Amino acid sequence: MAYRWRSRELTVPVTMVAVLTASGCGALGGPRAPSSGGVSSAPPRPSVTSAAASLVKEGWFGPTGPLHARVEMRRVERLADRSVLRFTVTSLEDEARHTGNSFGTAAGDFGSYRIPLVDPVGGKVYHPLTDQVGTLGSKPGYYEPGVRYETVVYYPPIPADVRTVTAITAGTAGEFTGVPVVDGTGSGGAISPTAAPGSTVSPTAASGSTVSPTAASGSTPQPGTTVSWPVREPAGQVTSSVQDLYGITESAEKTTIASGGDETVGLRTDVLFAFDSDRLTARARAVLDDVAKETREKADPARPPVLVEGHTDGKGTHAYNMALSLRRAQAVRRELQARLGGAYRFRATGKGETEPVAREGGTDDEEARARNRRVEVSYRVKQPTGGSTASETAGTRADEPTTGGGRPAPFHADDGETVASRTSTGRPSGQRLRIDVKPFYRDGAYLVAVFDIVNLGPGNLGAGTGYGGDIAYIGGWYTGFSVVDPASRTVYRAVRMGPDDPRGPDDYVDPGWATFNVEPGTGNRGFFYVPAPPPGVTSVTFDAGPFGRFDHVPVR
């Protein structure tokens, strides 16, 4: 969970924090300089169209040789056995371009539309259905300039109470909030979108095959026409994936990673114990009082156990660390059990130094070791019983915030004005980057941080450039950024998709990549989700690491 080092992060180790203030203080496609050369001080931004039932953005899509395109998200149709996202893509390039991985993520399969659908109120993410070949739905080929391509992607069934979702694209257009979810008819079957009259349309492809519109018609589609990609139906077993979103918050005493299904509270042992000791400090009593109260409110005693795991830093021998971590876990277990009584079953284990959450030995070694010294308390969260039916929930959900949630954002057409800018020259290559900070906004239970990062030269950005460092969550491209509530000093960090995967990088609610345009004079729009601060917070101070701190960034 939490902080693990990843090799593709920015090579300059940084720690980025944002501080929320209670006082006051448009998502465009991302900046790109003219092709004539030179560094633009204000790179032109692609246009965004916002009209009734029109969710349109322009941007650059794909991490390698990005496709310049206009995307219109139309709707999600809820069928009996699946949900279907329908959208269109129009290439704004001057010549035919193969899609490659333009609409996939860094972990996506080649040539597929890997677009997660986020329910920002329910805290769920719906991933495309896949089979042994790849993502189910449209199978793209070459995009001809100016041709409007009707596209579908299949998903697991979305509950009846979900009225809108946010579609996350791997590109500078980023998130499409407010995509409507409507009831369709039928059980799915072979779905081929209907093209506009007079256009060139390809037949639906056979299972496991791919047919291009050009090949099917025998001629090249002309600008202004509408065609449909072939739709590949399942070949073999279909995999369905619906995951919880995990909000990550921190304080001086603990880190909490919570979803609707489970929660892990990581207690810093520097607060709980004296150095090299398993005897609880006086301060620890108050901390464990709070943990016990929270456990009683949230943990489900019918789904035991409450797991208590001890962890150490990398100093000392393995045998010594394993023994110390176990003794510390047992000490915390005894205290929690004394407070909670016999309603809960506990299990205590020691992990020693085997599961670090931060890389030791770097420039932030002291902080990394402090983070690794922890005791984690994990449990399954109580699920609601009784109460409203699905139809009753559907009647209130779109207009009423849920507990700890909020209203889903309407379509976010325009990022708005730049509220602050600063240039960083801290990269080893001497390359200069400028960050242009935009107003942040709320989407359901989450806060969306939005900014542009412009390459001022002299060289190209690396395709894998990210913004983290030694003390950053592995898997996200902007996991070094965070926001902090000054009243409680609670730090809000990147929202993760699904439980932590100890075998590799995790996925976060961000573009799935950081660098789409790499040349000097071009820029990339970035965004990431964090748990929303309290409703009264109307501005933030954004500490962007190598770019410095920005005060009074407004929150919409």
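Because the structure is a prediction, the values reported are computed rather than measured.
- Nearest heavy atom pair, residue G174 against residue R525, reads CA-NH1, 4.0 Å.
- When all heavy atoms of V419 and P554 are compared, the pair lying nearest together is CG1-CD, 3.8 Å.
- Within the model, atoms NE2 of H412 and CZ of F527 stand 11.0 Å from one another, a figure rounded to the nearest 0.5 Å.
- Aromatic ring pairs are classed by plane angle as parallel below 30°, tilted from 30° to 60° and perpendicular above 60°; the pair W477 and W513 is tilted.
- In terms of modelled atom types and a separation under 3.5 Å, the side chain of T177 and the main chain of P410 share a donor-acceptor contact.
- Side chain of E93 to backbone of H68: a donor-acceptor contact under 3.5 angstrom is found.
- The backbone N or O of I158 sits less than 3.5 Å from a side-chain atom of S83, completing a donor-acceptor pair.
- For the atom pair CG of L461 and CG of L433, the computed distance is 5.5 Å after rounding to the nearest 0.5 Å.
- Every residue was checked against the salt bridge (charged side-chain N to carboxylate O under 4.0 Å, His left out) condition with R442, not counting sequence neighbours, and none meets it.
- Judged purely by atom type and a 3.5 angstrom limit, N524 uses its side chain to pair as donor or acceptor with the backbone of N517.
- Between F542 and F440, the ring planes lie perpendicular to each other; the angle is over 60°, past the 30° to 60° tilted range.
- Smallest separation of non-hydrogen atoms from R496 and I257: NH2-CG2, 3.8 Å.
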Practice task
Could you walk me through whether F87 and Y113 pass ring pair (Phe, Tyr, Trp, His ring centres under 6.0 Å), step by step?
Solution key: CA-CA 11 Å; F87 61 101; Y113 294 96; 5.5 Å; yes
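- Formation of a donor-acceptor pair under 3.5 Å by the R232 side chain with backbone atoms of G134 is found in this model.
- By the 30° and 60° cut-offs, the orientation of the rings of F481 relative to F451 is parallel.
- Judged by distance alone, the side chain of K57 and the main-chain N or O of A173 form a donor-acceptor pair under 3.5 Å.
- The shortest side-chain heavy-atom distance between V71 and F103 falls under the 4.5 Å cut-off.
- In this pair, F547 and Y467 present their aromatic rings tilted. The plane angle is within the 30 to 60° band.
- Note on ring orientation: taking the six-membered ring where Trp is involved, the planes of Y143 and Y149 are perpendicular (angle over 60°, cut-offs 30° and 60°).
- Under the 3.5 Å distance criterion, the side-chain polar atoms of N455 are matched with a main-chain donor or acceptor of V518.
- Two residues are said to be in side-chain contact when any heavy atoms from C-beta on lie closer than 4.5 Å; R493 and V530 fail this criterion.
- Side-chain contact check for D506 versus M497: every heavy-atom pair is 4.5 Å or farther apart.
- The only option from R70, R74, M73 that meets the side-chain contact (heavy atoms from CB on, under 4.5 Å) definition with T88 turns out to be R74.
- From E72, atom CD reaches atom CZ of R86 across 13.0 Å, with rounding to the nearest 0.5 Å.
- Exactly one residue among D244, D119, D161 makes a salt bridge (Lys or Arg N to Asp or Glu O under 4.0 Å) with K124. That residue is D244.
- A side-chain donor-acceptor contact under 3.5 Å links Q383 to the backbone of G260.
- Using a 4.5 Å heavy-atom threshold, the side chains of D485 and P533 count as separate.
- Q243 and H127 share a donor-acceptor pair across their side chains, judged by distance under 3.5 Å alone.
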